[in-house]
2 protein chains.
Amino acid sequence: MIVTVNIFLKQGVLDPQGKTIQNALHSLNFNTVKDVKVAKQIKIDLDETDKEKAKILVQNMCEEILVNTVIEDYEILI
Amino acid sequence: MIVTVNIFLKQGVLDPQGKTIQNALHSLNFNTVKDVKVAKQIKIDLDETDKEKAKILVQNMCEEILVNTVIEDYEILI
């Protein structure tokens, strides 16, 4: 089973990557761009068939190592 | 309108980030992890209301600057 985790900066945390991309897009005359936010997407292939178990497992992975919970939030999609 | 772009490595291209995360998860005894793939997710807030126009615009952004089309593929979600 493949579980997708989207990891993104919390509201209010500066996103230098997003700002850099936004400036680059403006310099290429994509002027309708109002804001850009960058997130990381991790797809984990698990040897697990039970969705609930898989979700709890991935949640533990996020809390233990994948996510910096001080500045990042995450969502788990199964 | 917010348009989401997922940018991921093409099939067959080595994913060192994914491998590193996979090894780290195994070292924490998450042994049911078979494979890990890392992708980038960009959320672009556009001053545009027409979905078709927005899609074409973002496609141009991807082809011009956001995606390295030699090693990466992308999907646009509106």
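Proteins get letters first, then strands, A, B, ... in listed order; numbering begins at 1 in each.
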Proximal component of B:Asn31, with respect to chain A [non-hydrogen, under 4.5 Å]: neither
Same apolar cluster (I L V M F W Y, side chains within < 4.5 Å links), B:Phe8/B:Ile44: no
Between OG1 on residue A:Thr32 and CE on residue B:Met1, distance to nearest 0.5 Å: 10.0 Å
Non-hydrogen side-chain atoms of B:Met61 and A:Val33 separated by less than 4.5 Å: yes
Interface moiety of B:Ile7 toward chain A, non-hydrogen atoms closer than 4.5 Å: neither
ILVMFWY cluster, B:Val5 and B:Leu57 together (side-chain gap under 4.5 Å): yes
Heavy-atom neighbours of A:Lys10 NZ exceed 12 at 6.0 Å: yes
Joint cluster assignment, A:Val70 & A:Val67, ILVMFWY side-chain distance < 4.5 Å: no
Nearest-0.5 Å distance, CD1 of residue B:Ile42 to NZ of residue A:Lys37: 13.0 Å
Cluster overlap B:Leu28 with A:Leu66, hydrophobic side-chain contacts below 4.5 Å: yes
Residue part contacting chain B, namely of A:Glu48, when any heavy atom lies under 4.5 Å: neither
Candidate pair B:Glu64 and A:Leu25, rule side-chain contact (heavy atoms from CB on, under 4.5 Å), full reasoning: CA-CA 9 Å; B:Glu64 277 189 52; A:Leu25 290 172; over 6 Å; no
Non-hydrogen side-chain atoms of B:Gln41 and A:Val38 separated by less than 4.5 Å: no
A:Asp35 CG to B:Asp47 CG distance, which is reported to the nearest 0.5 Å: 12.5 Å
Heavy-atom side-chain contact between A:Asp45 and B:Val36 under 4.5 Å: no
Heavy atoms from other residues, nucleotides or ligands near NZ of A:Lys34 exceed 12 (cutoff 6.0 Å): yes
Heavy-atom check, side chain of A:Asn60 versus side chain of B:Phe30, under 4.5 Å: yes
Cluster overlap B:Ile78 with B:Ile56, hydrophobic side-chain contacts below 4.5 Å: no
Region of B:Ile65 that comes under 4.5 Å of a non-hydrogen atom in chain A: side chain
Side chain / backbone / both / neither for B:Ile21 at chain A, heavy atoms under 4.5 Å: side chain
